Amino acid sequence: MQAAANNQIEQLKAEKDGLDVGQDISRYAELGWESIPAGDRDHRLKWWGVYFRKRTPGYFMIRIRITNGITTSSQLRAIGSIANRVGNGIADITTRQQIELRSVRIESVPEMLNQLRNVGLVTLQTGMDNIRNVVGCPVAGLTTNELLDASPIAQAFTAMFVMNKAYTNLPRKFNVTITGCLENCTHAGTQDIAFVPATKEVEGETIKGFNVLVGGKNGSGGYRVASALDAFVRPEEAAEVASAITLLFRDHGFREGRNSARLSFLIDAWGIEKFREALESRLAYTLLRAGLDARLPKVTDHIGVFRQKQAHTNYVGLKVPVGRITGDQLEDVARLAETYGKGEIRLTTNQNLIIPHVSDEKLSTLLDEPLLKVFGYNPTQIMRGLVSCTGIEYCNLAVIETKNRALQIAREIERKVDRKQPITIHWSGCPAGCGNHTVADIGLLGRMVKLDDKMVDGVDIFVGGSSGPDANRGIQIMENVPCDQLPQVLEGLIRFGAFDKIRKNLRAPQQTSLQPRITTKEIVDSKVFIRQDELAEGASKVVFVNGTEVAVFKHQGRFIAIQNRCPHEGASLAEGSVEGNEVVCPRHGYRFDIGTGACSTERTLCARTFKLVPQDNGFLVKEIDEKTIQPIVSGAGAIQSRAGEAGIQIR
């Protein structure tokens with residue numbers, strides 16, 4: 001494993017495996033939440049799906065693992081009962097096909113975990129540096145538009161790692177999809193591992209299986225589309241290959257900085273060929289080269305009434321606006337599944353639910369049920385494509401309120417605009433991107449905006465993102481838009497946005513794209529020079545030094561250089577401010593020392609600093625050779641010495 005002496009989370013994991021906190025939960029329940037040591041309260045409990053909410057001290061969020069989104073009426077009834085009895089009566093369906101419960105006290109957690117276990121559910125390893133819920137097509141085994149039913153493979157892989165300490169100390173979170181769906185319903189391009197449907201001619205026989213994609217992500221600096229591993233995997237090999245990729249990441253992934261620890265950074269450093277060779281070495285056999293990608297160019301959400309592959313049987317996809325559902329509604333869904341189906345329910349990555357196995361005879365009666373007036377099977381296009389993360393109401397990372405606002409604005413717009421074509425509108429309350437804003441027609445990324453000398457909720461607006469076989473990053477077209485002005489702004493985009501044309505331009509050869517690409521050679525070979533008069537007092541700019549974004553400030557006559565992307569969630573520090581000897585992140589207020597890069601508000605974070613070398617009437621921005629800098633000792637004098645040695649305080 002990579003060394004991580006300066007990473008507090010790595011030190012915490014080395015001291016005690018996250019799973020080991022399970023034996024302490026009953027004791028904490030007896031003593032109360034204030035008795036829980038900070039390391040367990042803020043971090044290790046997440047290995048058990050128990051999340052302390054700083055915004056509501058004393059209350060925890062519970063995240064329930066539901067592999068492939070396939071659940072049962074008895075499970076939903078239990079979840080609904082728990083939400084009503086020990087929560088606040090509210091649950092959220094997530095974009096990873098899970099269910100989250102709100103406002104649970106630690107005193108209720110042991111009984112709740114037992115109740116979930118009795119119906120075959122666990123909360124294990126749904127947070128921190130673990131394999132998160134394995135997502136898959138929610139109508140696996142039901143739809144005619146699949147190459148194969150991949151849900152048993154998702155279940156088999158999950159069984160390999162849950163409660164297995166070989167998988168509980170990854171460098172960072174790890175997202176996996178295993179899908180045989182031809183209609184791109186799981187956002188494969190955003191996953192650390194994606195098994196997508198493909199066929200391969202082997203010795204004259206056409207085999208159905210998967211092509212493998214690796215290194216996708218949403219957070220830690222933004223959307224990176226997963227890279228093709230150029231490998232075809234048979235269904236019976238898939239769980240083993242997924243395991244080997246995970247363990248390769250465990251052993252070789254980067255652990256120094258939390259913002260650069262995802263699998264994508266290892267792949268970028270190694271290159272795809274070296275990664276594939278290392279994987280084959282671990283597997284002890286050679287992988288077949290990629291087969292024929294079977295995915296269609298279309299994307300589906302499985303909302304509506306659809307014929308199953310089983311005769312005279314249907315599945316009904318219901319829109320759950322922004323995924324929010326009450327405990328009573330969960331119990332009612334369980335009733336519908338038992339009355340009209342076989343007691344099975346499927347959850348989708350767009351926060352909706354599906355009732356399968358509805359016979360032709362019972363279909364019309366189901367569609368007349370009162371709950372289907374709330375969770376419709378034929379919503380407006382605006383409501384149909386609406387997705388939202390939790391937002392500031394319950395999330396420690398979010399900077400704005402999302403769910404209620406997203407609903408309010410969508411309802412206001414759908415009264416004015418009768419849109420016929422599908423459209424997706426996704427809200428993320430912070431750069432972690434849990435709302436998948438990066439893959440939507442319209443993506444909204446929350447931030448604080450200064451308006452009339454006051455800080456208000458706002459968003460940056462992205463358009464044209466997508467996943468699927470031709471996945472692409474969206475492009476930011478607006479920034480710092482106050483949320484109060486969003487109804488008017490979004491109405492115009494929804495009426496007149498040419499999203500397919502935008503995607504076509506974004507996917508075009510680079511020379512015709514909307515933004516020029518800076519090649520690696522150009523970055524490495526260029527000399528970054530800042531003139532003395534280039535920046536006004538208090539101003540900043542972003543430059544590239546060996547491929548790294550660097551924010552350069554002029555503050556009180558001094559020039560300061562520090563990495564531009566905040567180590568927390570990638571915000572641009574150049575848009576922040578300098579206060580004393582610290583650069584302040586504009587999103588979450590994290591403060592980084594201009595000399596050492598140390599964060600005074602969160603000890604686990606650290607930013608790289610850069611030196612400014614005088615030349616002519618300005619400075620060259622260069623990386624610091626850490627070997628030439630003396631170890632840091634405490635005290636203001638030492639910090640000033642380090643800053644001077646880095647060449648930062650230059651007048």
Side-chain angles (χ1 to χ4, degrees), residues 51-63 83 87-96 99-104 218-219 319-326 350-351 382-383 385-415 424-438 440 442-462 476 478-491 493-494 568-571 575 585-590:
Y51 296 72
F52 179 65
R53 303 287 77 168
K54 294 180 181 178
R55 300 187 190 280
T56 55
Y59 294 93
F60 294 77
M61 180 269 281
I62 309 299
R63 183 178 291 158
N88 63 355
I90 289 176
D92 286 321
I93 302 171
T94 77
T95 55
R96 295 206 67 78
I99 293 179
E100 294 179 349
L101 301 179
R102 310 292 175 194
S103 300
V104 177
N218 267 333
K319 177 64 189 180
V320 182
V322 298
R324 181 142 292 175
I325 189 169
T326 68
N350 286 332
Q351 304 175 309
I382 292 169
M383 190 62 68
L386 188 65
V387 171
S388 174
C389 75
T390 300
I392 201 170
E393 184 179 14
Y394 295 114
C395 179
N396 291 339
L397 299 179
V399 295
I400 69 168
E401 201 284 320
T402 54
K403 281 192 184 289
N404 292 327
R405 178 177 279 127
L407 266 178
Q408 178 185 350
I409 293 175
R411 285 171 176 156
E412 180 177 340
I413 294 174
E414 68 180 355
R415 287 194 296 266
T424 52
I425 306 169
H426 291 198
W427 290 68
S428 292
C430 79
C434 296
N436 290 327
H437 67 281
T438 55
I442 301 174
L444 307 171
L445 175 59
R447 64 178 305 151
M448 298 305 294
V449 174
K450 193 171 185 179
L451 182 67
D452 297 330
D453 294 325
K454 294 182 180 179
M455 300 305 292
V456 300
D457 284 8
V459 296
D460 293 340
I461 299 179
F462 298 76
Q476 182 177 334
M478 296 182 183
E479 63 182 8
N480 300 330
V481 180
C483 286
D484 288 347
Q485 298 179 23
L486 271 177
Q488 180 180 359
V489 172
L490 291 181
E491 181 182 343
L493 284 174
I494 291 168
H568 176 231
E569 287 293 351
E575 297 178 15
C585 175
R587 271 204 191 120
H588 298 101
Y590 290 106

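For clarity, every value in this text was computed on a predicted model and none was experimentally measured.
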For [X], which residues count as a side-chain hydrogen bond (donor to acceptor under 3.5 Å, both in side chains) partner, sequence neighbours excluded?
X: Glu414; answer: Thr380
X: Thr326; answer: Gln329
X: Thr424; answer: Asp441
X: Gln485; answer: none

Donor-acceptor contact below 3.5 Å, side chain Lys403 vs main chain Gly323: no
Is the backbone of Ile325 close enough, under 3.5 Å, to the side chain of Asp92 for a donor and an acceptor to pair up by distance? no
May I have the list of side-chain donor-acceptor pairs in residues 429-438 shorter than 3.5 Å, sequence neighbours left out?
{"from": "Asn436", "atom 1": "OD1", "to": "Asn218", "atom 2": "ND2", "distance (Å)": "2.8"}
{"from": "His437", "atom 1": "ND1", "to": "Ser428", "atom 2": "OG", "distance (Å)": "2.9"}
{"from": "Thr438", "atom 1": "OG1", "to": "Asn218", "atom 2": "OD1", "distance (Å)": "2.5"}

Scan for salt bridge (Lys or Arg N to Asp or Glu O under 4.0 Å) pairs involving residues 425-438, sequence neighbours excluded, and state none if there are none. none
Minimum heavy-atom distance between [X] and [Y], given as atom pair plus value:
X: Gly458; Y: Val449; value: CA-CG2, 3.6 Å
X: His426; Y: Gly385; value: CD2-O, 3.6 Å
X: Val399; Y: Met448; value: O-SD, 3.4 Å
X: Ala406; Y: Trp427; value: CB-NE1, 3.4 Å
X: Glu491; Y: Ile413; value: N-CD1, 4.0 Å

Under the side chain to side chain contact (heavy atoms under 4.5 Å, CB included) test, which residues partner [X], sequence neighbours left out?
X: Leu451; value: Val456, Pro482
X: Cys483; value: Ile400, Arg405, Asp457, Val459, Leu486
X: Ile392; value: Arg55, Ala398, Glu401

Non-neighbouring partners of Arg63 that pass salt bridge (charged side-chain N to carboxylate O under 4.0 Å, His left out), sequence neighbours left out: Glu100
Thr390 and Arg102: side chain donor to acceptor below 3.5 Å: yes
What's the spacing between [X] [atom1] and [Y] [atom2] if we round to 0.5 Å?
X: Asp460; Y: Leu445; atom1: CG; atom2: CG; answer: 5.5 Å
X: Ser103; Y: Met61; atom1: OG; atom2: CE; answer: 11.0 Å
X: Glu393; Y: Arg53; atom1: CD; atom2: CZ; answer: 12.0 Å
X: Ile425; Y: Ile409; atom1: CD1; atom2: CD1; answer: 9.5 Å

Is the shortest side-chain heavy-atom distance between [X] and [Y] below 4.5 Å?
X: Ile99; Y: Thr94; answer: no
X: Gln351; Y: Val320; answer: no
X: Leu407; Y: Met383; answer: yes
X: Val387; Y: Val322; answer: no
X: Leu444; Y: Thr402; answer: no

Please enumerate all residues that pass ring-ring contact (aromatic ring centres under 6.0 Å, His included) together with Tyr51, with sequence neighbours excluded. none
My understanding is that only residues two or more places apart in sequence, or in another chain, count here; which of them pass ring-ring contact (aromatic ring centres under 6.0 Å, His included) with Tyr394? none
